[in-house]
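Only one structure is covered here, and it is reproduced in the block below.
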Amino acid sequence: CVYIPKHSGQMQVIGVYTANDQMAEEILQHCMEHSQVFHFVPYDSKIELEKDVMSGNIAGGCVFDEAFDVSGDDCRVRIFV
């Protein structure tokens with residue numbers, strides 16, 4: 001994940017690419033519903049997300065690629081947003 005702080009006083013937009021991974025999409029959904037600091041926007045393309053971050057159109061981005069995996073019998077994901 002990359003975050004480039006902008007001090008505009010507005011919610012910062014963070015793009016997220018989930019690679020259609022169920023766990024990543026659940027994390028994104030949780031962030032979209034509970035964040036009061038960031039506005040999370042799903043991206044269908046990792047390349048488009050990278051372009052928007054590099055051009056400054058969005059404040060940051062997070063990529064969950066195809067290798068994203070949460071494993072273990074009792075794995076719990078905590079999200080601090």
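Being a predicted model, the structure only gives us computed values, none of them experimental.
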Checklist outcome for this item: Between the SG atom in Cys62 and the OH atom in Tyr17, the distance rounded to the nearest 0.5 Å is 12.5 Å

Checklist entry - Distance-only, no hydrogens or angles: does the Ser35 side chain make a donor-acceptor pair with backbone N or O of Cys31 under 3.5 Å? => result no

Next on the checklist: Using every non-hydrogen atom in the two residues, find where Val63 and Lys46 come nearest and quote the distance to one decimal.
Outcome noted: CG1-CD, 3.6 Å

Item to check | Separation between CG of Asn20 and CZ of Phe64, rounded to the nearest 0.5 Å | outcome: 13.0 Å

Checklist entry - Which value, rounded to the nearest 0.5 Å, describes the distance between Leu49 atom CG and Ile58 atom CD1? => result 5.0 Å

Item to check | Nearest heavy atoms of Met23 and Asp21, plus distance in Å | outcome: N-OD2, 3.1 Å

Next on the checklist: Can you confirm whether the side chains of Asp52 and Tyr43 place a donor and an acceptor under 3.5 Å from each other?
Outcome noted: yes

Checklist entry - Is any side-chain heavy atom of Phe38 less than 4.5 Å from a side-chain heavy atom of Val13? => result no

Checklist entry - Should Met54 and Ile47 be regarded as members of a common hydrophobic cluster, given that ILVMFWY residues are connected when their side-chain heavy atoms come within less than 4.5 Å of each other, either directly or indirectly? => result no

Checklist entry - In this structure, which one of His30, Met32, Glu26 forms a side chain to side chain contact (heavy atoms under 4.5 Å, CB included) with Leu28? => result Met32

Next on the checklist: Under 3.5 Å, is there a donor on one side chain and an acceptor on the other for Glu25 and Gln29?
Outcome noted: no

Checklist entry - Is any side-chain heavy atom of Lys51 closer than 4.5 Å to a side-chain heavy atom of Val53? => result no

Next on the checklist: Please determine whether the number of non-hydrogen atoms from other residues, nucleotides or ligands lying under 6.0 Å from atom CD of Gln22 exceeds 12.
Outcome noted: no

